[in-house]
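Predicted, not measured: the structure shown is a model, and the values here were computed from it.
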Amino acid sequence: MTQPVSPPRGSTDKVPQMSELPPWRTLVARADVRTLSLLGVLVALIVIGGITKPDEFLDTRNLQLVLTQASVIGVVTVGMTFVITSGGIDLSVGAIVALSSVWATTVATQEYGFAGILFTAVLVGVGCGLVNGLLIAYGGMVPFIATLAMLASARGLALQITDGKTQIVTIDGILKLGERDSYILGIPPLVLVFAVVTIIGWLILNRTTFGRRTVAVGGNAEAARLAGIDVRRQRLYLYLLSGLCCGIAAFLLIILSGSGQNTNGNLYELDAIAAAIIGGTLLSGGRGTITGSVLGVLIFTTITNIFALNNLQSDVQQIAKGAIIVAAVLVQRRTAASST
């Protein structure tokens with residue numbers, strides 16, 4: 001009678017399944033390396049800020065300011081992430097924010113109070129997104145050209161409405177939202193709105209048919225069409241979503257500044273695109289990550305804050321941002337090349 005032979009040491013007859021791993025190893029195995037890298041960069045920046053200006057950078061008020069500033073551009077970036085994931089681009093987001101903010105703060109609009117300003121800001125943003133979507137999806141225009149035209153038109157209209165002047169908000173309900181008394185557990189209301197938009201955006205992109213269609217259109221539009229996806233309608237919806245995010249961001253900016261200006265949203269398009277790219281969203285489309293985009297926004301906002309506290313010139317900030325963008329694109333290309 002033969003004795004059972006035990007498998008040799010190092011045998012691979014039985015590979016531990018994910019469920020058999022300890023919880024911490026399961027978390028690490030499922031974690032996105034890029035996300036962990038971005039977290040590492042953010043932590044490093046916080047350490048640098050704490051070392052260079054410990055009393056100022058780590059002050060609660062300053063950290064609240066960083067999060068508040070990140071909230072406005074962060075909401076715009078969520079919409080931009082969807083557009084880029086679909087293989088498109090939106091160069092008009094900053095101009096739409098400006099137009100929405102000034103249209104919502106005219107004397108006539110302010111007569112309708114809090115609701116009137118909020119409704120107008122969102123309506124103008126969605127309206128601009130609708131024009132972009134129609135031109136691109138059904139007009140056959142290249143996204144770069146269509147949104148560039150919207151950028152020029154919206155900026156010009158914002159300047160015409162304000163005549164180059166700042167429009168002061170007089171609605172107490174809006175002004176109070178920007179004060180510390182309105183903070184909830186030390187968290188500014190703008191940050192809470194940003195968090196809600198981020199969560200909803202993540203759920204839509206990762207847990208809904210709309211998100212899957214967005215990725216499919218960005219990966220291969222023709223294959224998506226053959227699979228039964230209405231590509232034109234999907235693109236229209238995506239630019240509507242981007243416009244909606246711009247309208248929300250404009251309202252947050254009104255709360256933050258207490259005014260509407262035609263210069264609002266300056267270079268937001270570049271910051272939003274940069275944050276999405278370094279976060280891991282492919283510029284060519286087919287892959288997007290809301291989590292990475294949010295981390296990208298926090299990284300850029302933290303860099304700006306550290307530079308400001310250390311009295312570094314704005315041109316140095318722009319050079320640093322440019323270097324980060326180039327590095328992120330190079331990493332994307334290297335990753336794409338190695339995966340083929």
Side-chain angles (χ1 to χ4, degrees), residues 24-52 57-58 62-85 191 194-207 211 214-215 218 245 267-308 317-339:
W24 68 270
R25 289 191 61 184
T26 302
L27 179 62
V28 173
R30 291 178 177 176
D32 184 6
V33 175
R34 183 183 296 274
T35 301
L36 293 177
S37 300
L38 291 172
L39 281 173
V41 172
L42 183 59
V43 171
L45 289 173
I46 294 174
V47 172
I48 292 173
I51 293 175
T52 57
F57 180 79
L58 297 178
N62 183 64
L63 296 178
Q64 291 172 336
L65 175 63
V66 170
L67 292 175
T68 301
Q69 292 175 338
S71 298
V72 180
I73 184 62
V75 172
V76 175
T77 303
V78 170
M80 182 68 78
T81 301
F82 277 89
V83 172
I84 296 178
T85 301
V191 178
F194 176 35
V196 171
V197 171
T198 299
I199 293 172
I200 294 176
W202 187 91
L203 290 173
I204 292 176
L205 185 60
N206 296 281
R207 294 291 184 268
T214 300
V215 174
C245 289
L267 297 181
Y268 271 20
E269 56 277 357
L270 299 182
D271 288 341
I273 293 171
I277 291 174
I278 71 169
T281 299
L282 283 181
L283 192 56
S284 57
R287 188 183 73 191
T289 163
I290 298 296
T291 303
S293 296
V294 170
L295 289 174
V297 170
L298 293 175
I299 287 173
F300 275 134
T301 308
T302 304
I303 290 175
T304 301
N305 183 259
I306 292 174
F307 278 30
Q317 298 180 31
Q318 298 304 323
I319 292 173
K321 288 182 178 180
I324 293 174
I325 296 171
V326 171
V329 173
L330 290 176
V331 169
Q332 279 193 3
R333 293 184 61 181
R334 186 179 182 87
T335 305
S338 62
S339 61

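Looking at I204 and F82, their side chains come closer than 4.5 Å, going by heavy atoms from C-beta outward. Contact annotation: the side chain of F57 never approaches that of I51 to less than 4.5 Å [non-hydrogen atoms, C-beta and beyond]. Here the side chains of T81 and T289 are not in contact, with every heavy-atom distance at 4.5 Å or above. A 4.5 Å side-chain heavy-atom check between C245 and V76 finds every atom pair outside the cut-off.
Closest of all the heavy-atom pairs between M80 and I273 is CE-CG1, 3.7 Å. What you find for T281 and G288 is that their closest heavy atoms are OG1-CA, 3.6 Å. F194 approaches A70 most closely through the heavy-atom pair CE2-O, 4.1 Å. Annotation for S293 and T77: closest pair CB-CG2, 3.8 Å, computed over non-hydrogen atoms.
Distance check: R287 CZ to I84 CD1 gives 12.5 Å after rounding to the nearest 0.5 Å. To the nearest 0.5 Å, atoms CG (L283) and OG1 (T85) are separated by 10.5 Å. Atoms CD1 and OG, on I278 and S37 in that order, are 11.5 Å from each other to the nearest 0.5 Å.
Defined by atom type and a distance below 3.5 Å, a donor-acceptor pair is missing between the side-chain atoms of T35 and T291.
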Identify each donor-acceptor pair in which a side-chain atom of residues 300-307 lies under 3.5 Å from a protein atom, sequence neighbours left out, and give them as a table.
unit_1: T301; atom_1: OG1; unit_2: V297; atom_2: O; d: 2.7
unit_1: T302; atom_1: OG1; unit_2: L298; atom_2: O; d: 2.6
unit_1: T304; atom_1: OG1; unit_2: F300; atom_2: O; d: 3.0
unit_1: N305; atom_1: OD1; unit_2: N62; atom_2: ND2; d: 3.0
unit_1: N305; atom_1: ND2; unit_2: N62; atom_2: OD1; d: 3.0

